[in-house]
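Please see the structure below; I have some questions.
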Amino acid sequence: MTSVHIITEDKTGGGLEAVLRAEAQHRRRTQGKTPLHFPLQRSTVNGNTQLLDQCRKYEMFRFHYKPRIDHVFCVIDARNAWNLPQLGVQAPREPYDQSLPPFIATIQASMRTLARGGKPEEQWATVRDGFHPHVLVWERETLILPVTDRLGLGEPIPDVCARRDAADIVKERFGRTRTRTRGYAKAIDGPQYLQRIAQEEPLRSVVFASNPYLHDIVEDLASL
């Protein structure tokens with residue numbers, strides 16, 4: 001069984017990883033493949049800076065864990081990644097279908113460089129296939145936007161890649177409900193919404209169809 005370790009920047013309590021795991025296993029079942037093995041403990045970090053630090057630990061995750069990990073996925077948020085000087089990117093501008101691909105490619109190259117460390121190319125070539133850098137466009141709440149109607153948050157927003165303010169949208173929609181006595185809490189309400197998406201295949205289908213970059217992540221998992 002192939003073992004996979006997913007590292008995310010996730011203030012929503014592992015919600016993104018839960019969605020990715022559920023959809024990857026679903027796709028593998030429909031393809032007649034064996035399920036992936038994931039560690040019991042989810043690996044989330046507080047912020048993109050910490051996530052980049054985890055890229056540097058790639059070989060530790062691969063070769064010094066028991067049982068051994070075959071593949072390490074590092075998923076960084078696109079939102080505010082331009083504030084990290086080590087990535088060397090500027091904020092993408094509209095039209096996003098033109099600016100996002102080179103933006104993401106540059107970030108992925110920087111993540112691979114961190115994972116490689118000081119290894120010569122020949123040595124890195126023997127282990128690089130197990131490192132999978134990915135960029136989530138734009139953030140956790142982006143997964144919620146296309147299914148807001150099914151989560152009690154108003155009309156859905158299908159063109160999620162055009163909205164860099166997903167968290168603000170969810171926060172505003174959440175606050176519209178008069179029965180709620182508090183505002184949206186990312187660490188409390190975020191996991192509840194994402195866990196529901198993870199548990200319901202019809203919701204996941206809409207979410208993954210709306211975001212080609214999220215789709216790329218799960219396809220990479222399903223292809224292992």
#### Entry: Min side-chain heavy-atom separation Val137-Leu214 under 4.5 Å
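With C-beta onward as the side chain, the pair stays apart.
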### Task
Mark yes or no for whether Lys171, through its side chain, and Gly183, through its backbone, hold a donor-acceptor pair below 3.5 Å.
no
### Message
Could you walk me through whether Asp165 and Arg163 satisfy the salt bridge (charged side-chain N to carboxylate O under 4.0 Å, His left out) test, starting with their C-alpha distance in whole Å, then the side-chain angles of each, then the deciding distance to 0.1 Å, before giving a yes or no?
### Response
CA-CA 5 Å; Asp165 55 346; Arg163 302 304 301 262; 3.2 Å; yes
### Message
Please check this pair: side chain of Gln50 against backbone of Val45, looking for a donor-acceptor N/O pair closer than 3.5 Å.
### Response
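Checked: no pair found.
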### Query
At what distance, to the nearest 0.5 angstrom, does CG of Leu84 lie from CG of Asn48?
5.5 Å
### Task
For Glu141 and Lys186, run salt bridge (charged side-chain N to carboxylate O under 4.0 Å, His left out): C-alpha distance rounded to whole Å, both residues' side-chain angles, the deciding distance at 0.1 Å, then the answer.
CA-CA 9 Å; Glu141 283 80 6; Lys186 193 179 186 79; 2.7 Å; yes
#### Entry: From Leu153 atom CG to Leu145 atom CG, the distance as rounded to the nearest 0.5 Å
9.5 Å
### Query
Which atom names give the shortest non-hydrogen contact between Arg62 and Gly130, and what distance separates them?
NH1-CA, 3.5 Å
### Query
Using 4.0 Å as the upper bound for N to carboxylate O, is an ion pair formed by Glu121 and Arg128?
yes
### Message
I'd like to know whether the aromatic ring centres of Trp138 and Tyr213 sit less than 6.0 Å apart in this structure.
### Response
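Ring-ring flag for Trp138/Tyr213: false, centres at least 6.0 Å apart.
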### Query
Is there a donor-acceptor pair under 3.5 Å between the side chain of Arg56 and the backbone N or O of Leu114?
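Judged by distance alone, no pair lies under 3.5 Å.
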#### Entry: Heavy-atom pair of closest approach, residues Val160 and Ile157
CG1-O, 3.2 Å
### Message
Please find the pair of heavy atoms, one from Ile144 and one from Tyr193, that lie closest to each other, and give the distance.
### Response
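Heavy atoms of Ile144 and Tyr193 come nearest at CD1-CB, 3.8 Å.
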### Task
For Val135 and Asp77, work out which heavy atoms get closest and say how close.
CG1-C, 4.5 Å
### Message
Ring-plane angle category for His132 and His134, please: parallel below 30°, perpendicular beyond 60°, tilted otherwise.
### Response
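Because their plane-to-plane angle is under 30°, the rings of His132 and His134 count as parallel.
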### Query
Got a salt bridge between Arg196 and Glu200, using NZ or NE/NH1/NH2 to carboxylate O under 4.0 Å?
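Looking at Glu200 together with Arg196, the answer is yes, because their closest N to O distance falls below 4.0 Å.
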### Query
Which heavy atom of Leu221 sits nearest a heavy atom of Ala24, and at what distance?
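In terms of heavy atoms, the two residues are closest at CB-CB, 3.7 Å.
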### Task
Please identify each residue that fulfils salt bridge (Lys or Arg N to Asp or Glu O under 4.0 Å) with Glu201, with sequence neighbours left out.
none
### Task
State whether the side chain of Thr148 and the backbone N or O of Glu155 hold a donor-acceptor pair below 3.5 Å, judged by distance alone.
yes
### Query
Does a side-chain heavy-atom distance below 4.5 Å link Trp82 with Phe103?
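The answer is yes; the side chains approach within 4.5 Å.
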### Query
Do the two ring centres, one from His71 and one from His5, sit under 6.0 Å apart?
no
### Task
Give a yes or no on whether the backbone of Pro92 and the side-chain of Arg164 come within a donor-acceptor separation of less than 3.5 Å.
yes
### Query
Nearest 0.5 Å, what's the CZ-OG distance between Phe61 and Ser3?
12.5 Å
### Query
Under 3.5 Å, is there a donor-acceptor pair between the side chain of Asp189 and the main chain of Ala185?
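Yes; at least one donor-acceptor contact below 3.5 Å.
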### Message
Is the positively charged end of Arg27 above the ring of Phe208, judged by distance under 6.0 angstrom from the centroid and angle within 45° of the axis?
### Response
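So Arg27 does make the cation-pi contact.
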### Summary
Across all chains, not counting sequence neighbours, the salt bridge (Lys or Arg N to Asp or Glu O under 4.0 Å) partners of Arg28 are none
### Query
Crowded around Glu122 CD? As in, over 12 foreign heavy atoms under 6.0 Å?
no
### Task
Hey, could you give me the CD1/OH distance between Ile69 and Tyr58, rounded to the nearest 0.5 Å?
10.5 Å
### Query
Do any N or O atoms from the side chain of Glu23 and from the backbone of Arg204 form a donor-acceptor pair under 3.5 angstrom?
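Side chain of Glu23 to backbone of Arg204, a donor-acceptor pair under 3.5 Å: no, none is there.
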### Message
Main chain of Gly15, side chain of Gln195: is a donor-acceptor contact present, judged purely on distance under 3.5 Å?
### Response
no
### Query
Do the side chain of Asp70 and the main chain of Thr2 share a donor and acceptor less than 3.5 angstrom apart?
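Checking the backbone N and O of Thr2 against the side chain of Asp70, no donor-acceptor pair under 3.5 Å is found.
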### Task
Evaluate whether atom CZ of Arg182 has more than 12 neighbouring non-hydrogen atoms of other residues, nucleotides or ligands under 6.0 angstrom away.
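For Arg182, atom CZ is crowded (more than 12 foreign heavy atoms under 6.0 Å).
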### Task
To the nearest 0.5 angstrom, please state how far the CD atom of Glu94 sits from the OG atom of Ser99.
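One gets 8.5 Å once the value is rounded to the nearest 0.5 Å.
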### Task
Grab the two heavy atoms, one from Val147 and one from Ile197, that are nearest each other, plus how far apart they are.
CG2-CD1, 4.0 Å
